[in-house]
K.L.:
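Please see the structure below; I have some questions.
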Protein chains: 2
Amino acid sequence: MQGQADQRESGSARVAESLAIAIHEHRLSPGMKLSEDEVGEIYGVSRTVVRAALQELAHDRLVELKRNRGAFVAQPSVKEAREVFEARSLLEPRTAKSAAERATPEDIKILQKHIDEEHAALHAGDTGRALHLSGMFHVEIARIADQSTVAEFIAQLVSRSSLIIALYWQRRTALCESHAHDALIKALARHDGAAAEELMHHHLLDLLTSLDLRDQPSVPKSLKEALN
Amino acid sequence: MQGQADQRESGSARVAESLAIAIHEHRLSPGMKLSEDEVGEIYGVSRTVVRAALQELAHDRLVELKRNRGAFVAQPSVKEAREVFEARSLLEPRTAKSAAERATPEDIKILQKHIDEEHAALHAGDTGRALHLSGMFHVEIARIADQSTVAEFIAQLVSRSSLIIALYWQRRTALCESHAHDALIKALARHDGAAAEELMHHHLLDLLTSLDLRDQPSVPKSLKEALN
DNA sequence: GTTTACGATTTTGTATACAATTTTAGCGCA
DNA sequence: TGCGCTAAAATTGTATACAAAATCGTAAAC
């Protein structure tokens with residue numbers, strides 16, 4: 001995520017990506033400690049490269065570094081959750097509009113493939129992968145808009161949204177995003193910028209309101225952290 | 001810039017900040033190589049901490065890391081320059097609007113102090129410091145809007161803008177930003193969100209059009225890079 | 001004179017070693 | 001039992017050592 005264009009997968013990049021996926025799929029829960037020795041042993045690398053990977057993830061706000069204390073999977077606060085979706089609301093609707101004006105048939109095909117895979121994953125019960133693909137859909141739109149700088153920001157925000165959803169999702173509402181994405185792709189296909197902008201705007205609003213953003217940062221991992 | 005909240009200035013953070021300032025003040029020119037040994041010797045630290053600092057700066061796009069080749073001061077392309085200001089145009093006007101609605105008298109005082117120092121620096125001929133303060137003004141507005149996530153993005157974009165201005169500034173237009181900032185602060189003081197949004201929008205447009213964004217990435221450091 | 005190949009030097013990538021800080025466990029004492 | 005203190009263990013921060021890659025200089029070949 002927002003890596004600095006390494007031509008070949010460097011050691012730290014590989015570790016960072018693997019950790020990021022694990023966090024996105026909620027296999028590493030928020031608040032969990034990421035010991036340098038432990039991570040290094042798992043991936044068969046030294047602490048040097050683990051530290052580089054953790055620093056990269058910290059920059060993307062997926063992990064939090066505490067000086068002399070170590071790295072922990074981030075626990076976005078309610079305020080941070082709102083801020084992330086506020087930022088997305090500033091960036092994504094206008095980007096979707098630009099994408100609609102520039103989208104080629106090939107772009108639409110790629111997006112459609114994303115949606116199909118998302119549906120398949122959802123049908124197979126792999127909600128983790130479905131969520132990941134759902135995020136990729138948003139990043140792909142920014143790429144179509146040919147705005148790589150904005151695309152990097154959106155990629156980071158989508159990544160953080162994944163953590164936020166893991167923390168604050170209220171299971172009452174079904175995962176009905178697919179419909180929003182279907183409508184979006186149709187607007188993009190017919191180059192309807194205004195519709196795409198509006199659809200994206202409401203899609204993000206729906207996402208935000210589907211969260212339970214009332215108070216505390218959700219379940220702490222241990223009683224100790226609850227009193228921290 | 002966008003540091004991960006170290007409670008005390010860590011070694012790498014200190015080096016990164018010092019390098020960032022040097023880049024902003026154009027004492028380190030775009031394309032210049034940053035040797036790890038050399039930087040480490042200058043600051044009296046080992047390559048380990050230099051590498052961490054360079055990685056942080058690379059994430060903020062102030063330096064570019066080339067695998068097995070080293071770190072270089074970034075040379076934003078024309079396309080990247082346009083993208084950075086496009087992103088700022090998406091984020092800053094609406095953020096200025098929010099700031100206007102929330103600004104307290106103390107916030108206005110802080111902003112006014114920034115402007116005064118900016119004027120003083122400009123009057124003293126220290127354009128480097130003036131540019132730095134000018135950027136801080138924009139970041140401060142995001143802070144007033146109480147949107148730290150957006151503020152971090154803006155901080156990074158302002159930082160990159162500094163490099164872009166160093167590269168593409170056409171000296172024909174004078175540094176008349178101050179007037180724009182004066183008008184902005186007045187709109188903020190009277191809580192006129194609409195005016196602040198519009199002023200920020202035009203301010204960014206003016207900045208963009210004051211650049212010479214025609215073709216090549218400006219002066220290359222070596223002939224080799226010119227043909228790369 | 002130009003080009004190509006090869007070796008030496010330099011520089012980066014990674015692992016390991018040591019220092020500093022934090023955490024934890026044990027012990028004494030009220 | 002509960003609290004506070006001290007020391008040992010574990011973990012992070014930093015420096016150094018070694019391996020791999022790229023760069024540079026030289027020289028040989030055409």
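We name chains A, B, ... by the order of the sequence lines, and we start the count at 1 in each one.
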K.L.:
Would you please name every residue forming a side-chain contact (heavy atoms from CB on, under 4.5 Å) with E83(B), sequence neighbours left out?
P.N.:
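Result, side-chain contact (heavy atoms from CB on, under 4.5 Å) vs E83(B): Q147(A), S148(A), T149(A), K79(B).
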K.L.:
Of all the nucleotides listed (dT23(D), dT23(C), dG13(C)), which has the minimum atom distance to the side chain of R69(B)?
P.N.:
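Comparing dT23(D), dT23(C), dG13(C) against the side chain of R69(B), the answer is dT23(D).
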K.L.:
How many Å lie between CZ on R67(A) and C1' on dT23(C), as a whole number?
P.N.:
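Rounded to whole Å, this separation is 17 Å.
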K.L.:
For D206(B), enumerate each residue passing the salt bridge (Lys or Arg N to Asp or Glu O under 4.0 Å) test, keeping only those at least two apart in sequence or located in another chain.
P.N.:
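Scan of D206(B) (salt bridge (Lys or Arg N to Asp or Glu O under 4.0 Å), adjacent residues dropped) gives none.
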K.L.:
Measure from the side-chain heavy atoms of K33(B) and tell me the nearest of dG13(D), dT11(C), dT11(D).
P.N.:
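Of dG13(D), dT11(C), dT11(D), dT11(C) is nearest to the side chain of K33(B).
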K.L.:
For H181(A) and H119(A), does a side-chain donor sit closer than 3.5 Å to a side-chain acceptor?
P.N.:
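No.
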K.L.:
What's the CZ-C1' distance between R14(B) and dT14(D), to the nearest Å?
P.N.:
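Atom-to-atom, R14(B) to dT14(D), this comes out as 13 Å.
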K.L.:
Name the atoms and distances for all side-chain donor-acceptor pairs under 3.5 Å in residues 44-54 of chain B, with sequence neighbours left out.
P.N.:
residue: S46(B); atom: OG; partner: T48(B); partner atom: N; Å: 3.3
residue: R47(B); atom: NE; partner: E36(B); partner atom: OE1; Å: 2.9
residue: R47(B); atom: NH2; partner: E36(B); partner atom: OE1; Å: 3.0
residue: R51(B); atom: NH1; partner: E36(B); partner atom: OE2; Å: 2.7

K.L.:
Looking at DNA chain D, which of residues 38-52 of chain A put a heavy atom within less than 4.0 Å of it?
P.N.:
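Heavy-atom contacts with DNA chain D come from R47(A), R51(A).
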K.L.:
Which one, dT12(C), dT21(C), dG13(C), comes nearest to the side chain of N68(A)?
P.N.:
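Nucleotide nearest to N68(A)'s side chain: dT21(C).
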K.L.:
Take atom CG of D37(A) and atom C1' of dT12(D), then tell me their distance rounded to the nearest Å.
P.N.:
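That distance rounds to 9 Å.
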K.L.:
Please report the distance, rounded to the nearest Å, between CD in E36(B) and P in dA21(D).
P.N.:
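Those two atoms, CD and P, are 16 Å apart.
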K.L.:
With sequence neighbours excluded, tell me which residues meet side-chain hydrogen bond (donor to acceptor under 3.5 Å, both in side chains) with E117(B).
P.N.:
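In terms of side-chain hydrogen bond (donor to acceptor under 3.5 Å, both in side chains), with neighbours along the sequence ignored, E117(B) is linked to R129(B).
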K.L.:
Does A22(A) have any side-chain contact (heavy atoms from CB on, under 4.5 Å) partners at least two apart in sequence or in another chain, and if so, which?
P.N.:
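For A22(A) the side-chain contact (heavy atoms from CB on, under 4.5 Å) partners, ignoring immediate neighbours, are R27(A), L28(A).
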